[in-house]
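Side-chain atoms are counted along with the backbone in the values below, which use heavy atoms only and exclude waters and symmetry mates. Here the structure is a predicted model, which is why all the values come from computation and not from measurement.
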Amino acid sequence: MALPHLRLSSFLIHSSIIQLRPLTPFLTPIFTRHASHATEGRANGAKQGPGKRLGAKKGASELVVPGNIIFRQRGTHWFPGENCDMGRDHTIYATQKGYVTYYKDPHKHPDRKYIGVVFERGMKLPTSPHAPRRRRLGLVGREMSTSTPTPVEQEVTEQDSPVEGAEAKKTYVALKAKKQKEAIPPHQDMVTGHGYVYREANWSIGRAAERAGVKVREFDPRDRFMAWRKRAARQREARERRVVRGNRKKK
């Protein structure tokens with residue numbers, strides 16, 4: 001049998017618990033999670049981004065036209081030389097049509113490397129400071145030929161009568177024109193291809209066999225034997241290529 005004072009104490013404890021029960025949600029501790037990685041400042045700086053495709057875009061002795069980019073760089077590893085200029089991002093580009101050359105010029109600077117453009121393939125830079133300046137109009141100076149007169153010209157000059165000399169001169173001019181016409185190929189349809197190189201047009205290349213007199217058997221879609229022979233030849237060539245590739249991989 002419990003004592004009276006014990007009953008009283010248990011009653012007081014029980015009543016106090018009942019009174020505090022509604023307050024328990026407000027007494028739970030609140031935890032704050034702090035950031036484990038800095039989100040601003042130097043922590044999130046520059047990362048490994050895509051490449052900027054720097055370096056040489058045109059090699060030595062390669063043909064360029066005004067505006068072609070020759071070298072991309074950060075800083076002045078290379079300096080613009082003759083017929084070249086530099087952009088605000090240190091890109092060196094051509095200002096004249098010609099051929100690229102890489103060189104050093106001790107007269108300007110003992111250590112700097114320059115990129116220039118020359119008008120003729122094989123020209124060397126730097127040129128002498130006392131040398132004549134090259135023209136920038138796409139024209140190149142040539143020395144006049146001082147060849148001896150041909151026998152036909154001598155015969156023309158040795159004619160006694162002016163009428164006979166004029167006729168002989170006309171004959172000589174006609175023979176020379178005929179010879180030049182024979183030397184020139186019949187197809188003169190040249191187009192600008194890749195790299196600013198003049199080449200023969202595709203339709204003219206396709207008619208080369210016709211000009212050479214080569215006769216080819218006309219295609220007949222009903223000739224199945226010829227189609228079978230062509231297909232067999234293609235399959236045989238494909239098998240040979242596969243064998244060659246397999247041998248290379250084994251090595």
Side-chain angles (χ1 to χ4, degrees), residues 46-75 77-81 83-84 87 89-104 113-125 138 140 181-251:
K47 298 180 175 61
Q48 188 68 26
K52 302 305 176 184
R53 279 67 175 170
L54 305 178
K57 306 303 175 185
K58 297 290 183 181
S61 301
E62 193 168 350
L63 181 65
V64 293
V65 298
N68 279 166
I69 293 175
I70 303 176
F71 204 93
R72 282 194 177 276
Q73 57 184 344
R74 292 291 180 265
H77 300 284
W78 292 87
F79 288 83
N83 305 320
C84 288
D89 60 345
H90 308 106
T91 297
I92 297 178
Y93 60 93
T95 57
Q96 298 291 333
K97 181 180 179 180
Y99 301 92
V100 180
T101 178
Y102 297 80
Y103 66 98
K104 283 189 174 183
K113 298 178 292 184
Y114 294 91
I115 300 176
V117 173
V118 294
F119 300 118
E120 294 181 2
R121 192 188 298 270
M123 287 179 57
K124 301 295 183 181
L125 289 179
V140 181
K181 187 175 181 181
E182 293 176 354
I184 298 174
H187 50 282
Q188 290 294 328
D189 302 295
M190 308 295 284
V191 296
T192 307
H194 180 68
Y196 301 97
V197 178
Y198 285 94
R199 57 183 293 273
E200 191 176 351
N202 291 335
W203 69 268
S204 183
I205 295 173
R207 305 193 66 175
E210 181 181 348
R211 291 195 302 268
V214 178
K215 294 184 178 181
V216 183
R217 182 179 176 183
E218 295 184 1
F219 175 72
D220 185 5
R222 296 172 296 180
D223 190 355
R224 304 312 305 164
F225 178 70
M226 180 62 67
W228 171 80
R229 288 177 58 187
K230 290 183 178 179
R231 184 171 64 251
R234 289 195 300 268
Q235 293 175 355
R236 183 169 59 256
E237 293 176 359
R239 285 196 298 269
E240 292 176 358
R241 287 195 296 267
R242 285 196 295 268
V243 170
V244 172
R245 286 198 298 268
N247 294 337
R248 289 178 182 174
K249 290 181 180 179
K250 289 179 180 178
K251 291 179 181 181

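T95 is not listed as a side-chain neighbour of P66, based on a closest heavy-atom distance of 4.5 Å or more. Taking 4.5 Å as the limit, every side-chain heavy atom of I70 sits out of range of all side-chain heavy atoms of T91. Under the 4.5 Å side-chain criterion, counting only non-hydrogen atoms from C-beta, Y102 is in contact with W78. Between K57 and R72, some side-chain heavy-atom pair lies under the 4.5 Å cut-off. At a threshold of 4.5 Å between non-hydrogen side-chain atoms, the residues C84 and Q96 do not count as touching. At least one side-chain heavy atom of R74 sits under 4.5 Å from a side-chain heavy atom of K52. Between V64 and K97, every side-chain heavy-atom pair lies at or beyond the 4.5 Å cut-off.
The structure places CD of E240 at 10.5 Å from CZ of R242, a figure rounded to the nearest 0.5 Å. Between the CD1 atom in I69 and the OH atom in Y93 there is a gap of 10.0 Å [rounded to 0.5 Å]. In this structure, CZ on R248 lies 9.0 Å from CZ on R245, to the nearest 0.5 angstrom. Here CZ of F79 is found 9.0 Å from NE2 of H90. Values are rounded to the nearest 0.5 Å.
There is no side-chain donor-acceptor pair under 3.5 Å between S61 and R121.
Of the possible polar contacts, one joining the N68 side chain to the V65 backbone as a donor-acceptor pair under 3.5 Å is found. Looking only at distances, no side-chain donor or acceptor of E62 sits under 3.5 Å from a matching main-chain atom of V100.
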Apply side chain to side chain contact (heavy atoms under 4.5 Å, CB included) to L125 and V118, showing your working.
-> CA-CA 8 Å; L125 289 179; V118 294; 3.6 Å; yes

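For the pair P80 and I92, the tightest heavy-atom approach, listed with the atom from each and the gap, is N-CD1, 4.0 Å. Of all the heavy atoms in Y103 and I115, the pair that sits closest is CE2-C, 4.1 Å.
Note on R207 versus E210: salt bridge recorded, some NZ/NE/NH1/NH2 to OD/OE distance being below 4.0 Å.
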